[in-house]
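Any value given below was found using the heavy atoms of this structure, including those in side chains, with hydrogens, waters and symmetry copies removed.
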Amino acid sequence: MNARDAIGDVGRVTIETDVAYLDEAHCKAHPGCDPGEYVVMSVSDNGCGMDKETAERIFEPFFTTKPVGQGTGLGLATVYGIVQQNGGFISVYSEPGEGTTFTLYFPMHGAEAGTESKASMDIADGRGETVLLVEDDPMLLEMSISMLQTLGYSVLSAERPSKAIDLAQDSRNEIHLFLTDVVMPEMTGRELADRLHTIRPEIRHLFMSGYTADVIAHQGVLDERVNFIQKPFSLKDLSLKIREVLAA
């Protein structure tokens, strides 16, 4: 219902399901979740979106951005309570004018929280390559730097596209891969990739976003065939995706 109201006119609501493994590195940076395997449901819209200040309050009881008589402010608070009572948690990704994605995580039946399966240990380490990381969220930037360094990559980091362009133009910097967010200030990840490609045409690109791949493709921000990884990602998923992109 919130997704419908956020659209206002003609738009798209996307419901997706998936499974995910969240490792200790992710959970340390996101209090409230435990390492383990989860069943995931995402509800996305391409409506008005919201700023960070609003997103931080949406689960508060009686908080609403809707006019009087159109919302009680209890819907998301109720959803939050239900998910918490079932041992899960919710992540929200939104940008003004770019839509919103709510992702619900429920512990997988039969999986023990806090334990790592055999598959989760199958991590593809880096070989000393340099990754140019572009992320406008300071907390996510710091977490991603730590994950990349743990995997054995050298990291050049930028909190905005213009800094990434400056780093790419510096001939002293050897760069093997651009890992860029999709929705950022100054320009989109697609626009940044086009700029970076003119400077370093041989470099590989990997896009990341809190929006799902289906939503990103339908919004026309990215082509369906580009290399993409959805946030939040585990150390294993990041390691395998980077090796796949570098080997292509």
Within the distance-only criterion (no hydrogens, no angle test), does the side chain of [X] pair as donor or acceptor with the backbone N or O of [Y] below 3.5 angstrom?
X: Asn46; Y: Arg12; answer: yes
X: Ser94; Y: Gly99; answer: yes
X: Asn227; Y: His205; answer: yes
X: Asn86; Y: Ile82; answer: yes

Is there a side-chain contact between [X] and [Y] (heavy atoms, below 4.5 Å)?
X: Thr54; Y: Phe63; answer: yes
X: Val182; Y: Lys231; answer: no
X: Lys52; Y: Asp137; answer: yes
X: Ser209; Y: Asp181; answer: yes
X: Met139; Y: Glu142; answer: no
X: Met208; Y: Glu135; answer: yes
X: Val92; Y: Thr100; answer: yes
X: Ser157; Y: Leu141; answer: yes

Checklist outcome for this item: Taken in chain and number order and not counting sequence neighbours, the residues that satisfy ring-ring contact (aromatic ring centres under 6.0 Å, His included) with Phe89 are Tyr38, Tyr105

Item to check | Nonpolar side-chain network containing Met184, other nodes, edges under 4.5 Å | outcome: Leu132, Val134, Leu156, Ile165, Leu167, Ile175, Phe178, Met187, Leu192, Leu196, Ile199, Ile203

Please report the shortest heavy-atom distance between [X] and [Y], naming the atom on each side.
X: Gly128; Y: Ser154; answer: O-OG, 4.1 Å
X: Ala158; Y: Ala164; answer: CB-N, 3.6 Å
X: Tyr211; Y: Phe228; answer: O-CZ, 3.4 Å
X: Ala124; Y: Leu240; answer: CB-CD2, 3.8 Å
X: Leu76; Y: Asn2; answer: CG-ND2, 3.5 Å

Quiz: residues 241-248 side-chain donor-acceptor pairs under 3.5 angstrom, not counting sequence neighbours:
{"from": "Lys241", "atom 1": "NZ", "to": "Glu244", "atom 2": "OE2", "distance (Å)": "3.4"}
{"from": "Arg243", "atom 1": "NH1", "to": "Glu129", "atom 2": "OE1", "distance (Å)": "3.3"}
{"from": "Arg243", "atom 1": "NH1", "to": "Glu129", "atom 2": "OE2", "distance (Å)": "3.0"}
{"from": "Arg243", "atom 1": "NH1", "to": "Tyr153", "atom 2": "OH", "distance (Å)": "3.0"}
{"from": "Arg243", "atom 1": "NH2", "to": "Glu129", "atom 2": "OE2", "distance (Å)": "3.1"}

Would you give the length of the straight line joining atom [atom1] of [X] to atom [atom2] of [Y], rounded to the nearest 0.5 angstrom?
X: His176; Y: Arg200; atom1: NE2; atom2: CZ; value: 10.0 Å
X: Thr188; Y: Glu98; atom1: OG1; atom2: CD; value: 8.5 Å
X: Leu151; Y: Lys236; atom1: CG; atom2: NZ; value: 13.0 Å
X: Leu206; Y: Leu133; atom1: CG; atom2: CG; value: 10.5 Å
X: Leu235; Y: Ile123; atom1: CG; atom2: CD1; value: 4.5 Å

Next on the checklist: Using the rule side-chain contact (heavy atoms from CB on, under 4.5 Å), only one of Ile90, Asp18, Val40, Thr212 pairs with Thr103; which is it?
Outcome noted: Val40

Next on the checklist: If you count heavy atoms of other groups shown closer than 6.0 angstrom to CD of Glu174, is the number above 12?
Outcome noted: no

Item to check | Exceeds 12 heavy-atom contacts within 6.0 angstrom, atom OH of Tyr80 | outcome: no

Checklist entry - Taking 4.0 angstrom as the limit, do Arg195 and Glu186 come out as a salt bridge? => result no

Checklist entry - Is it true that Leu104 and Ile15 fall in one hydrophobic cluster, defined by side-chain heavy atoms closer than 4.5 Å? => result yes

Checklist entry - When hydrophobic residues are tied together by side-chain contacts of less than 4.5 Å, even through go-betweens, does Phe106 share a cluster with Val43? => result yes

Item to check | Under 3.5 Å side-chain donor-acceptor pair for Thr101 and Ser44 | outcome: yes

Checklist entry - Do Arg160 and Ser162 have side-chain N/O donor and acceptor atoms under 3.5 Å apart? => result yes

